[in-house]
Amino acid sequence: MKRFISSVLVVLLIPIAVWGKSVLIYEDDSEKIYVDTNSCRILKNTNGERTYEVYYIILFSVIQENGAKRLDLVREYSQHWTQSRLRGFFYFDANDKLVEWIAHYKEEWKYIVPNSVEEVLRNKVKKYFE
């Protein structure tokens with residue numbers, strides 16, 4: 001029974017593009033980055049401006065210093081897609097055990113640097129809001 005429950009949890013937690021929920025949008029030698037299309041949301045900030053919340057799933061090719069093999073993070077983009085900020089993150093080890101997390105974090109807004117990985121990610125997720 002314990003093995004069955006573990007199998008079910010692995011299937012639920014590991015992003016699989018076939019399910020249509022998580023889509024691979026970036027890959028290099030050290031990581032694969034997916035976007036959870038079911039978790040993309042349009043929000044309104046305190047000024048009434050529209051912002052866009054995106055849930056990324058990052059699978060590392062090697063275990064990180066904190067023991068993490070996977071990072072789930074929530075990033076918010078400004079109304080005109082020129083700035084972004086981190087909203088929360090969750091690190092998981094190879095067994096999908098939660099290692100470290102901050103759920104309600106609001107980083108300061110930062111401009112997206114041209115020709116950066118973040119610019120590539122932003123450009124690929126914008127289509128889910130059109």
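Everything numeric here is computed off the predicted structure, so don't read it as measured data.
Side-chain contact between L121 and V125 is absent, with no heavy-atom pair separated by less than 4.5 Å. Within the 4.5 Å cutoff, the side chain of V35 has heavy atoms near those of the V54 side chain.
By the salt bridge (charged side-chain N to carboxylate O under 4.0 Å, His left out) test, E53 is found to be paired with R41, R87, residues two or more places apart in sequence or in another chain being considered. Residues satisfying the side chain to side chain contact (heavy atoms under 4.5 Å, CB included) criterion with Q79, sequence neighbours excluded, are E49, R50. Applying the side chain to side chain contact (heavy atoms under 4.5 Å, CB included) test to E100 and every residue at least two apart in sequence or in another chain returns N66, F89, Y91. Remark: D29 pairs with no residue by the side chain to side chain contact (heavy atoms under 4.5 Å, CB included) rule, at least two apart or across chains. Legend: residues meeting side chain to side chain contact (heavy atoms under 4.5 Å, CB included) with Y105, ordered by chain and number and at least two apart, are L86, I102, E107.
Transitive grouping of hydrophobic side chains (ILVMFWY, heavy atoms separated by less than 4.5 Å) keeps V62 and L59 in distinct clusters. By the rule that hydrophobic residues join a cluster once side-chain heavy atoms approach within less than 4.5 Å of another member, Y128 and L43 end up as members of separate clusters.
F129 and C40 get closest at one heavy-atom pair: CZ-CB, 3.5 Å. Across T51 and E76, no two heavy atoms sit closer than the pair OG1-OE2, 2.7 Å.
Not one N or O on the side chain of K69 forms a donor-acceptor pair closer than 3.5 Å with the backbone of N95. Between the side chain of D36 and the main chain of N38, a donor-acceptor pair closer than 3.5 Å is present. For the pair S84 (side chain) and Y77 (backbone), a donor-acceptor distance under 3.5 Å is absent.
Residue W109 qualifies as enclosed at atom CH2: its count of foreign heavy atoms under 6.0 Å is above 12.
Using a 4.0 Å cut-off between a side-chain N of Lys or Arg and a carboxylate O of Asp or Glu, E118 and K110 do not qualify as a salt bridge.
Remark: D93 CG to R70 CZ distance equals 10.0 Å, nearest 0.5 Å. Note: S22 OG to Y56 OH = 13.0 Å, rounded to the nearest 0.5 Å. Here the CG atom belonging to D28 is positioned 7.5 Å from the OG atom belonging to S61, to the nearest 0.5 angstrom. Note: Y26 OH to I33 CD1 = 6.5 Å, rounded to the nearest 0.5 Å. The CD1 atom of I25 lies 10.0 Å from the CG atom of N123; values are rounded to the nearest 0.5 Å. In this structure, E31 CD and L71 CG are separated by 9.0 Å, a value rounded to the nearest 0.5 Å.
Evaluation of the salt bridge (charged side-chain N to carboxylate O under 4.0 Å, His left out) test over residues 121-130, restricted to residues two or more places apart or in two chains, returns E119-R122.
Ring orientation note: the planes of Y52 and W81 are close to parallel, at an angle under 30° on the 30°/60° scale. Aromatic ring orientation, F90 versus W101: parallel (interplanar angle below 30°, classes split at 30° and 60°).
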Walk me through it: do R85 and K106 pass the test side chain to side chain contact (heavy atoms under 4.5 Å, CB included)? CA-CA 7 Å; R85 67 181 174 181; K106 282 201 178 178; 4.0 Å; yes
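Under the 3.5 Å distance criterion, with hydrogens and angles disregarded, a donor-acceptor pair is assigned to the side chains of Y55 and D72.
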